[in-house]
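Here the structure is laid out as structure tokens; the discussion comes afterwards.
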Number of protein chains: 2
Amino acid sequence: MPTVSSEELAAAAGVNSAKLRKDFSYLGSYGTRGVGYDVEYLVYQISRELGLTQDWPVVIVGIGNLGAALANYGGFASRGFRVAALIDADPAMAGKPVAGIPVQHTDELESIIRDNGVSIGVIATPAGAAQQVCDRLVAAGVTSILNFAPTVLSVPDGVDVRKVDLSIELQILAFHEQRKAGEEATAGAAAVQAAAREETSTDQGPDGDVPAVMPA
Amino acid sequence: MPTVSSEELAAAAGVNSAKLRKDFSYLGSYGTRGVGYDVEYLVYQISRELGLTQDWPVVIVGIGNLGAALANYGGFASRGFRVAALIDADPAMAGKPVAGIPVQHTDELESIIRDNGVSIGVIATPAGAAQQVCDRLVAAGVTSILNFAPTVLSVPDGVDVRKVDLSIELQILAFHEQRKAGEEATAGAAAVQAAAREETSTDQGPDGDVPAVMPA
DNA sequence: TTGTGTGAACGTTTTCACAGCG
DNA sequence: CGCTGTGAAAACGTTCACACAA
């Protein structure tokens, strides 16, 4: 399939073709009228725009089950992420290979960051250690942090933090599940219909979701 | 702190107080004019609305690093989730306790679902096994699935699927990181400014994020 | 007097619809 | 003729601002 139309892509993505074309238009005019988009060229342009063509060294701090799962996660490499180092506070872990990479002790944190030019750090430590690890990462030059620990981190301006809470997605499912059960009971307001719309959708993603606070 | 104002809550959440009041108003009139919201009452009302007051038995299928991390994750219990069973295809895992719960073999899947009245399943298997596990879960009566495997699952109508891709958040960080670097280079369009706004935000969540396709 | 609850104003995003290019 | 690219219109979500209740 060398070429694809906005209509086909939109159907696959579950959105309106006009939206898709408008979105693409912000990147430039990469389509051909009467034909569609050249798949390979489009993929390249989007990849470049999203930064997938760059090499991003990342460090993972906290090599418990979650840290190990992340280290083993196949999706990283294909998106330009390279696990530069695994760091853990437990001296017993030091030297032990996880996903083929030897774990290093927290003492090395600063030198690892500097030597590898790491600007993105992943925190998978227990909640208690997260802020301290975060501070050290930032001091060593990390400017983007992905936080899996159940704490809100405070960071200086210019540093980005994104917090991932593994239970939030479950909670959204439970919310819909609850609604499936008590359908007919709670009637009417307009807002309820907005929520109900979700249930019919074929979307599988954490986008286009649920309002911050959900109506009755 | 028995009472809290919309202003205080809004500041804590990083939103506008009017939005917060409007959102709350969809749940009912739980505040007191001139005073604010009764904290305990508000927490209860929101919890009930979100389904946190219910008990949700869940099964986790695929007890590798990620499955084990999920089983150990503290955030579930506090939100009404109860891990009813851990299931893995590896016979060597059977009986081994993870997070205090003995792992059961995939053969038991159907009976576990039925005996525990499970309606929510978590898939943490390799990609290759995900669809098959999904089909069995659905056939056994599960109507909501949280999928950590890097595959899009197909399910019949009436079943909700949410896919969690651990690398997406990293990618968003990398996107902003890229932008931090090449700031002045790419100038102008209105859409760029919309993106830039994000960088100043103190938001740490996967909400209020990034358009589906990002402008140059 | 303070702070909620909410119509009305505003800004943004999505969709429509079609001119124009290949 | 088909499908992109895009102004203009419609829909939507957020914020303002104030009447009113405690």
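Proteins get letters first, then strands, A, B, ... in listed order; numbering begins at 1 in each.
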Original post:
Can you check whether Y30(B) has a side-chain N or O nearer than 4.0 Å to OP1 or OP2 of dG3(C)?
Top reply: no
Original post:
Are any of S29(B)'s side-chain N or O atoms less than 4.0 Å away from OP1 or OP2 of dG5(C)?
Top reply: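 Answer yes for this pair, as a side-chain N or O of S29(B) is under 4.0 Å from OP1 or OP2.
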Rounded to the Å, how far apart are [X] [atom1] and [N] [atom2]?
X	N	atom1	atom2	value
Y37(A)	dC3(D)	OH	C1'	9 Å
L20(B)	dG3(C)	CG	P	14 Å
L42(B)	dT4(C)	CG	C1'	13 Å
E7(A)	dG2(D)	CD	P	13 Å
L27(B)	dT4(C)	CG	C1'	14 Å
D23(A)	dT4(D)	CG	P	14 Å

Partner set under side-chain hydrogen bond (donor to acceptor under 3.5 Å, both in side chains) for [X], not counting sequence neighbours:
X	result
R33(B)	none
R48(A)	Q45(A)
Q132(A)	none

**OP:** Please list all pairs passing the side-chain hydrogen bond (donor to acceptor under 3.5 Å, both in side chains) test where one or both residues lie in residues 56-72 of chain A, with sequence neighbours left out.
**Re:**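 side-chain hydrogen bond (donor to acceptor under 3.5 Å, both in side chains) check on residues 56-72 of chain A returns no pairs.
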**OP:** Name all pairs fulfilling the side-chain hydrogen bond (donor to acceptor under 3.5 Å, both in side chains) condition that reach into residues 137-146 of chain A, sequence neighbours left out, sorted by first residue then second.
**Re:**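 The answer is T143(A)-E177(B), S144(A)-E177(B).
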**OP:** Would you please say whether a donor-acceptor pair under 3.5 Å links the side chains of D38(A) and Y44(A)?
**Re:**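 Distance-only check fails for D38(A) and Y44(A).
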Between the protein and nucleotides 19-22 of chain D, which nitrogen or oxygen pairs are less than 3.5 angstrom apart?
residue : atom : partner : partner atom : Å
dC20(D) : O2   : R33(B)  : NH1          : 3.3

Subject >> Pairwise ring pair (Phe, Tyr, Trp, His ring centres under 6.0 Å) hits with a residue in residues 117-142 of chain B, at least two apart >> reply: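 Qualifying pairs, neighbours excluded: none.
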Subject >> salt bridge (Lys or Arg N to Asp or Glu O under 4.0 Å) partners of R21(B), counting only residues at least two apart >> reply: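 Scan of R21(B) (salt bridge (Lys or Arg N to Asp or Glu O under 4.0 Å), adjacent residues dropped) gives none.
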Shorter than 3.5 Å, N or O on both sides, protein versus nucleotides 15-18 of chain C: list them out with atom names.
residue : atom : partner : partner atom : Å
dC16(C) : OP2  : N16(A)  : ND2          : 3.4
dA17(C) : N6   : R21(A)  : NH2          : 3.3

Original post:
Pick one: which of Y37(A), Y41(A), F24(A) meets ring-ring contact (aromatic ring centres under 6.0 Å, His included) with Y30(A)?
Top reply: Y41(A)
